[in-house]
Amino acid sequence: MTTKKTMERKKNVTIASAQFENASGDKEKNLDTIEKLSQSAAAEGADVIAFHECSVTGYTFARKLDKEQLLDLAEFVPEGPSTRRLVEIAGKYGIVILAGLFEKDTSGAVFKCYVCVDGNGLRARYHKLHPFINPHITPGSAYCVFELHGWKCGILICYDNNIVENVRATSLLGAEIIFMPHVTMCTPSTRPGAGFVDPALWQNRHKDPTSLRIEFDGMKGRQWLMKWLPSRAYDNGIYAVFSNPIGMDDDQLKNGCSMILDPFGDVIAECRKLDNDFCLATLDPEKLQQAGGFRYKNARRPVLYRDIIGKEHASTQKVAWINDRKNKE
């Protein structure tokens, strides 16, 4: 838990959350885009830049890959070429970079991985706890908390954030900033208003940005995100760094709106371009103890619910759009 003494030592940190249109399986192209955005963010004063889930490799196309193809796409971390390139970019521009890729180990297991690097090498690595894009991916088995510029940071990838216990657990482990890389929104679901967005709107975005923005900001996109994301920051009294791609990800159109929320649950920076972009926010440590989430965590009475929350439970995970696609393909 953050104390007054540690607050006095902690300095403001400036973070960028990025969005870009990734190319499926084209790591070199994606890394080139990551470099351009990292260079620009560093020039504007960012200490850290965060990219979306599988930003190095692409994401949605991986649902079509068999085990051997997935292993060919995946890399060892940190010795693989993509992590080495990220370290090189981080050192070149003096910025910490967080980005996602598929990782493999010597046993042949594949993980949905998110790495944090600086110019000296790997700072942190996290495996998604609730992967679903491909049945050959092994779920992660641990939370991740590490330090950046005097701040305690955590990572939770996409669906991990929908399970509220994951965010609370990461917060209770000390995280003050949680990086939340996603590839989300604009897919069918049982909730009202959900659905795909027509790719033709993206192709016509320069001529008619209004029609695309209506779809991106409506219940298919941002309105749904605002139902739950602010509560993760507010309830836990943490800064949430949400990153999401924009444009075509395989055959799906994504709406970006990468953003940073403060411990009050307020959006303090957001990407609004219909293009590759990043937003910047300077994080103030004083908000960590001013926010309600700080008080709520201190007021907890675990004796009341320890046995309830820890009760045996069979985890099942159903994702409407991917199950529908499997039935059609």
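Because the structure is a prediction, the values reported are computed rather than measured.
- For Arg300 against Arg168, the heavy-atom pair with the smallest separation is CD-NH1, 3.6 Å.
- Judged purely by atom type and a 3.5 angstrom limit, Arg84 uses its side chain to pair as donor or acceptor with the backbone of Glu79.
- Residue Arg191 places its CZ atom among more than 12 non-hydrogen atoms of other residues, nucleotides or ligands, all under 6.0 Å distant.
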Item to check | Residue pair Phe278, Glu44: steps toward the side-chain contact (heavy atoms from CB on, under 4.5 Å) verdict | outcome: CA-CA 11 Å; Phe278 63 87; Glu44 292 193 25; 3.7 Å; yes
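- A heavy-atom distance below 4.5 Å is found between the side chains of Cys257 and Glu270.
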Exercise for the section: Take Asn255 and Leu212 through the test side-chain contact (heavy atoms from CB on, under 4.5 Å) and record every step on the way to the result. Expected result: CA-CA 9 Å; Asn255 66 324; Leu212 180 60; over 6 Å; no
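- At a threshold of 4.5 Å between non-hydrogen side-chain atoms, the residues Lys112 and Ile133 count as touching.
- Side-chain contact check for Phe51 versus Ile97: some heavy-atom pair is nearer than 4.5 Å.
- A donor-acceptor pair under 3.5 Å is formed between the side chain of Asp47 and the backbone N or O of Thr14.
- When all heavy atoms are compared, the tightest approach of Glu35 to Tyr93 is OE2-OH, 2.8 Å.
- Proximity of a side-chain donor or acceptor of Ser171 to a complementary backbone N or O of Val167 within less than 3.5 Å is not detected.
- Residue Ser231 holds its OG atom at 10.0 Å from CE of Met226, rounded to the nearest 0.5 Å.
- Taking every heavy atom of both residues into account, Cys186 and Val197 meet most closely at SG-CG2, 3.6 Å.
- Here the side chain of Glu53 pairs no donor or acceptor atom with the backbone of Cys158 at under 3.5 angstrom.
- A 4.5 Å side-chain heavy-atom check between Phe61 and Leu73 finds at least one atom pair inside the cut-off.
- Note that the OH atom of Tyr143 and the CG atom of Asn166 stand 4.0 Å from one another [nearest 0.5 Å].
- Ile157 and Val241 fall within the same hydrophobic cluster, where Ile, Leu, Val, Met, Phe, Trp and Tyr residues are linked whenever their side-chain heavy atoms come under 4.5 Å apart, directly or through other members.
- Without hydrogens or angle criteria, Asn134 side chain to Leu65 main chain gives a donor-acceptor distance under 3.5 Å.
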Show your reasoning for whether side-chain contact (heavy atoms from CB on, under 4.5 Å) applies to Ile246 and Trp202.
CA-CA 10 Å; Ile246 193 166; Trp202 178 251; 3.9 Å; yes
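- Cluster annotation: Leu288 is connected to Val267 through the hydrophobic network of ILVMFWY side chains, with a link wherever side-chain heavy atoms come within less than 4.5 Å.
- In plain terms, the two heavy atoms of Tyr114 and Ala50 that are nearest each other are OH-CB, 3.8 Å.
- Hydrophobic cluster membership differs between Leu283 and Ile49, with clusters built from Ile, Leu, Val, Met, Phe, Trp and Tyr side chains linked at under 4.5 angstrom.
- In terms of modelled atom types and a separation under 3.5 Å, the side chain of Asn161 and the main chain of Leu229 share no donor-acceptor contact.
- Within the 3.5 Å criterion, the main-chain N or O of Leu70 finds no donor-acceptor partner in the side chain of Lys104.
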- Please assess Asn162 against His130 for the test side-chain contact (heavy atoms from CB on, under 4.5 Å), listing each intermediate value before the final yes or no. CA-CA 10 Å; Asn162 296 126; His130 299 272; over 6 Å; no
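- The backbone N or O of Lys273 sits less than 3.5 Å from a side-chain atom of Gln19, completing a donor-acceptor pair.
- In Asp307, the CG atom is not crowded: 12 or fewer heavy atoms of neighbouring residues, nucleotides or ligands sit closer than 6.0 Å.
- Atoms SG and NE2, on Cys144 and His127 in that order, are 10.0 Å from each other to the nearest 0.5 Å.
- Side-chain atoms of Asp118 come within 3.5 Å of backbone atoms of Gly121 as a donor-acceptor pair (strictly under, hydrogens ignored).
- Atoms NZ and CZ, on Lys318 and Phe132 in that order, are 15.0 Å from each other to the nearest 0.5 Å.
- Partner Asn22 forms a side-chain hydrogen bond (donor to acceptor under 3.5 Å, both in side chains) with one of Asn276, Asp250, Asn30, Asp249 and no other, that one being Asp249.
- Salt bridge Glu28/Arg85: absent, no basic N to carboxylate O contact under 4.0 Å.
- The shortest non-hydrogen separation linking Lys67 to Val110 is CE-CG2, 4.2 Å.
- From Met185, atom CE reaches atom CG of Asn244 across 4.5 Å, with rounding to the nearest 0.5 Å.
- At a threshold of 4.5 Å between non-hydrogen side-chain atoms, the residues Phe102 and Ile137 count as touching.
- Met248 is not connected to Tyr59 by any chain of hydrophobic side-chain contacts under 4.5 Å among Ile, Leu, Val, Met, Phe, Trp and Tyr, and they are in different clusters.
- Pairing each heavy atom of Ile260 with each of Cys279, the nearest pair is CD1-O, 4.4 Å.
- Judged by distance alone, the side chain of Lys10 and the main-chain N or O of Gly150 form a donor-acceptor pair under 3.5 Å.
- Taking 4.5 Å as the limit, every side-chain heavy atom of Cys153 sits out of range of all side-chain heavy atoms of Val145.
- To the nearest 0.5 angstrom, Tyr239 atom OH is 5.0 Å from Asp284 atom CG.
- A heavy-atom distance below 4.5 Å is not found between the side chains of Leu201 and Phe216.
- Counting only heavy atoms from C-beta outward, the side chains of Thr184 and Phe242 approach each other to under 4.5 Å.
- Hydrophobic clustering, with ILVMFWY side chains joined whenever heavy atoms are under 4.5 angstrom apart, keeps Leu101 apart from Met180.
- A donor-acceptor pair shorter than 3.5 Å cannot be found between the side chains of Gln252 and Trp321.
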